[in-house]
Colleague: 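To start, I am sharing the structure in question, which I have written as structure tokens.
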Amino acid sequence: QVQLVESGGGLVQAGDSLRLSCAASGFTFSWYVMRWYRQAPGKERELVAGISHDGGITNYADSVKGRFTISRDNAKATVYLQMNSLKPEDTAVYYCNVDRGTYYGESWGQGTQVTVSS
């Protein structure tokens, strides 16, 4: 059974930092690209960041470039999202995601709430 468990969300002020963690189990973590998505109230879920299986390639939404950093520790089967210079528009539920192909499909965590006040 695949599990993705996010943690680290909370209420912070604009300009503050937060680090999210996603602990993965039930699959070979090091084989797969991992991604962070977020969904704000009334908006569609959007891709925030992705990281290759070995951490060598990362990509980010334009809205978070220069502020967020995705990383992974394959030994711990954990992917992180370091969020700096947070803005109110970053307020959302943040979800961890892995796509294991056509047969197994995508898996999602339950999400962790990030709220940024002005």
Side-chain angles (χ1 to χ4, degrees):
Q1 183 180 9
V2 170
Q3 285 193 300
L4 299 173
V5 181
E6 301 96 335
S7 62
L11 174 62
V12 298
Q13 296 187 101
D16 285 351
S17 297
L18 213 52
R19 189 178 78 157
L20 307 183
S21 298
C22 171
S25 62
F27 65 100
T28 306
F29 181 80
S30 62
W31 288 2
Y32 297 100
V33 169
M34 298 297 297
R35 295 182 174 93
W36 285 97
Y37 286 78
R38 68 185 181 188
Q39 187 167 28
K43 297 181 66 177
E44 296 295 311
R45 188 171 295 188
E46 66 172 339
L47 177 64
V48 175
I51 186 166
S52 63
H53 71 99
D54 61 355
I57 303 171
T58 58
N59 57 78
Y60 301 92
D62 288 341
S63 59
V64 308
K65 277 184 177 177
R67 299 188 298 119
F68 290 12
T69 303
I70 188 171
S71 62
R72 68 191 295 160
D73 185 338
N74 284 345
K76 295 181 179 179
T78 301
V79 62
Y80 305 94
L81 186 67
Q82 177 67 45
M83 305 184 295
N84 298 328
S85 302
L86 282 161
K87 304 175 180 179
E89 50 263 48
D90 296 317
T91 295
V93 178
Y94 284 72
Y95 298 92
C96 184
N97 165 274
V98 60
D99 187 345
R100 295 186 296 136
T102 303
Y103 185 79
Y104 293 108
E106 293 188 336
S107 297
W108 298 85
Q110 291 184 302
T112 186
Q113 176 72 49
V114 172
T115 303
V116 185
S117 66
S118 59

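Scope of the values below: all heavy atoms of this structure, side chains included, with no hydrogens, waters or symmetry mates. Only a predicted model underlies this, so the values are computations on that prediction, with no experimental measurement involved.
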Colleague: Side-chain contact, heavy-atom cut-off 4.5 Å: M83 with F68?
Modeller: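 When only atoms from C-beta onward are counted, F68 and M83 do touch, with a gap below 4.5 Å.
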
Colleague: Could you list the residues that satisfy side chain to side chain donor-acceptor pair (under 3.5 Å) with Q39, not counting sequence neighbours?
Modeller: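 None.
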
Colleague: Do V48 and R35 make a side-chain contact, defined as non-hydrogen atoms from C-beta onward lying under 4.5 Å apart?
Modeller: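 Heavy-atom side-chain distance check fails, nothing below 4.5 Å.
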
Colleague: Any chance you could measure L20, atom CG, to T78, atom OG1, to the nearest 0.5 Å?
Modeller: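 It comes to 12.5 Å.
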
Colleague: Check whether any side-chain heavy atom of S71 sits under 4.5 Å from a side-chain heavy atom of Q82, and report yes or no.
Modeller: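 No - every pair of side-chain heavy atoms lies 4.5 Å or more apart.
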
Colleague: Can you spot which of Y94, Y95, W108 makes a ring-ring contact (aromatic ring centres under 6.0 Å, His included) with Y37?
Modeller: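 It is W108; the other options fail the test.
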
Colleague: For residues 2-15, tabulate all N or O donor-acceptor pairs below 3.5 Å that involve a side-chain atom, not counting sequence neighbours.
Modeller:
from	atom 1	to	atom 2	distance (Å)
E6	OE1	Q110	N	3.1
E6	OE1	G111	N	2.9
E6	OE2	C96	N	2.7
E6	OE2	G111	N	3.3

Colleague: So, taking the atom named CG in L47 and the one named CG in N97, what distance separates them when rounded to the nearest 0.5 Å?
Modeller: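 Between L47 CG and N97 CG, I get 8.5 Å after rounding to 0.5 Å.
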
Colleague: Only pairs at least two apart or in different chains count here, so list each salt bridge (Lys or Arg N to Asp or Glu O under 4.0 Å) that has a residue in residues 40-50.
Modeller: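 Sorted pair list: R38-E46.
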
Colleague: After noting the C-alpha distance and the side-chain angles of V79 and I70, does the key distance pass the side-chain contact (heavy atoms from CB on, under 4.5 Å) rule?
Modeller: CA-CA 7 Å; V79 62; I70 188 171; 3.9 Å; yes

Colleague: Measure from the side-chain N and O atoms of R100 to the backbone N and O of T28, and report whether any donor-acceptor pair falls under 3.5 Å.
Modeller: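 Pair absent, no side-chain N/O of R100 close to backbone of T28.
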
Colleague: Using atom types as modelled and distance alone, determine if a side-chain donor or acceptor of D54 lies under 3.5 Å from a backbone N or O of N74.
Modeller: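 Absent.
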
Colleague: Under the disulfide bond (SG atoms under 2.5 Å apart) rule, what pairs show up with a residue in residues 45-94, not counting sequence neighbours?
Modeller: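 Qualifying pairs, neighbours excluded: none.
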
Colleague: Would you kindly confirm whether V33 and V64 end up in one hydrophobic cluster when ILVMFWY residues are joined by side chain heavy atoms under 4.5 Å apart?
Modeller: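 No, it is not one cluster - the side chains of V33 and V64 are not joined through contacts under 4.5 Å.
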
Colleague: Using modelled atom types and a 3.5 Å cut-off, is there a donor and acceptor pairing between side-chain atoms of T58 and backbone atoms of I51?
Modeller: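 Between the backbone of I51 and the side chain of T58 there is no qualifying donor-acceptor contact (under 3.5 Å).
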
Colleague: Any side-chain heavy-atom pair from F29 and V98 closer than 4.5 angstrom?
Modeller: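 No, too far: nothing below the 4.5 Å cut-off.
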
Colleague: Sequence neighbours excluded, which residues qualify as side chain to side chain donor-acceptor pair (under 3.5 Å) partners of T69?
Modeller: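 T69 satisfies side chain to side chain donor-acceptor pair (under 3.5 Å) with no residue once adjacent residues are dropped.
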
Colleague: Show me the pairs that pass salt bridge (Lys or Arg N to Asp or Glu O under 4.0 Å) and involve residues 59-70, at least two apart or across chains.
Modeller: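 Qualifying pairs, neighbours excluded: D62-K65, R67-D90.
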
